[in-house]
Each structure stands twice: as C-alpha cells, then as structure tokens.
Amino acid sequence: RNLPAEFTSRLLVDELCSGGFVGQFDFCYAPFNISTGVSKGYGFVNFTTPEAAAVFREAWQGRCHLRGATPTSPITVSPAKVQGKEANASVWQSPHGKRIRNSALRPFI
C-alpha cells in the first residue's frame, strides 16, 4: 500500500529488478483507475519463494521513496488474499480482467 500515484506495473517491475529481485517474482500488478489515469496506490507481487518475499518485506516496509516517483507515505507490505502465480493469473483471465486493453495497465505475468 501507498505506492505513488504515477506508479504503473512496468515501473513496479523496474523498481523490483533494480532492487535485486530479478527472477524472484512471476506476477506483478499495480492497479490503475482507468478514468483518472492514476494508480490506486497499491500493488500485488507474487514471489517464487517465501525467502524472496521476506527479503522484499524487509527492504520495502516503511519505504517512502521509489526511483522516479513522488515521495509518498510509508509503504506497507502485507500478504494478499490470493497467493500463487496461477491463482493471480486466473483473476486476469476473467471477463473483468480481459476488458483492460491497454497493455501498460495489465499485470506483468
């Protein structure tokens, strides 16, 4: 929670990769309000191991600035209700997920 308003899924992927998480996640999504064109302020990342998730939480919990973005309130990291790449991807195979045509606003899988 508390991602900057301009943060897209692509920017989140870039930030994760520059932070040393290359190859450690297989799903990443920062929801956007299609009407306003700004982030909803939260994101979802599925890590491939519990260890990678723990390292991420340690590195990002309480962080206030992300590269190339306006500083925000401290980031809060918490587990999502949906866990796993397949479970997350299935949400985006639904009619609701398929209606997002702009590839920049879709999840990174």
Side-chain angles (χ1 to χ4, degrees):
R1 298 191 190 277
N2 295 329
L3 290 177
E6 67 270 23
F7 236 60
T8 63
S9 295
R10 180 77 252 165
L11 288 173
L12 184 53
V13 167
D14 290 348
E15 189 74 15
L16 289 166
C17 290
S18 69
F21 293 98
V22 173
Q24 296 183 46
F25 62 96
D26 53 18
F27 180 90
C28 183
Y29 180 52
F32 244 67
N33 182 317
I34 295 172
S35 300
T36 64
V38 298
S39 168
K40 292 188 176 182
Y42 57 90
F44 301 94
V45 180
N46 187 72
F47 290 94
T48 56
T49 67
E51 294 79 16
V55 170
F56 170 79
R57 182 181 187 125
E58 182 68 29
W60 282 53
Q61 182 72 27
R63 200 169 161 187
C64 293
H65 191 281
L66 299 173
R67 187 173 43 106
T70 306
T72 64
S73 299
I75 291 173
T76 302
V77 178
S78 58
K81 290 180 184 176
V82 177
Q83 295 288 316
K85 177 183 177 182
E86 289 77 20
N88 276 292
S90 71
V91 172
W92 299 103
Q93 297 306 315
S94 71
H96 173 74
K98 288 182 178 180
R99 72 185 177 94
I100 302 172
R101 296 204 168 110
N102 183 337
S103 62
L105 303 180
R106 294 183 59 80
F108 165 80
I109 303 173

From [X] atom [atom1] to [Y] atom [atom2], the distance as rounded to the nearest 0.5 Å:
{"X": "Asp14", "Y": "Leu66", "atom1": "CG", "atom2": "CG", "result": "11.5 Å"}
{"X": "Leu3", "Y": "Trp60", "atom1": "CG", "atom2": "CH2", "result": "7.0 Å"}
{"X": "Gln61", "Y": "Ile75", "atom1": "CD", "atom2": "CD1", "result": "9.0 Å"}

### Side-chain touch Cys17/Phe25, heavy atoms, less than 4.5 angstrom
yes
Side chains of residues 41-52: which donor-acceptor partners sit under 3.5 Å, not counting sequence neighbours?
unit_1	atom_1	unit_2	atom_2	d
Asn46	OD1	Gly84	N	3.0
Asn46	ND2	Asp26	OD1	2.7
Thr48	OG1	Gln24	O	3.3
Thr49	OG1	Ala52	N	3.0

Taking all non-hydrogen atoms of both residues, which atom of [X] and which atom of [Y] are closest, and how far apart?
{"X": "Phe32", "Y": "Tyr29", "answer": "N-OH, 4.4 Å"}
{"X": "Ala30", "Y": "Leu12", "answer": "CB-CD2, 4.3 Å"}
{"X": "Gly62", "Y": "Pro74", "answer": "O-CB, 3.7 Å"}

### Task
Check whether more than 12 heavy atoms from other residues, nucleotides or ligands sit under 6.0 Å from atom CZ of Arg57, and answer yes or no.
yes
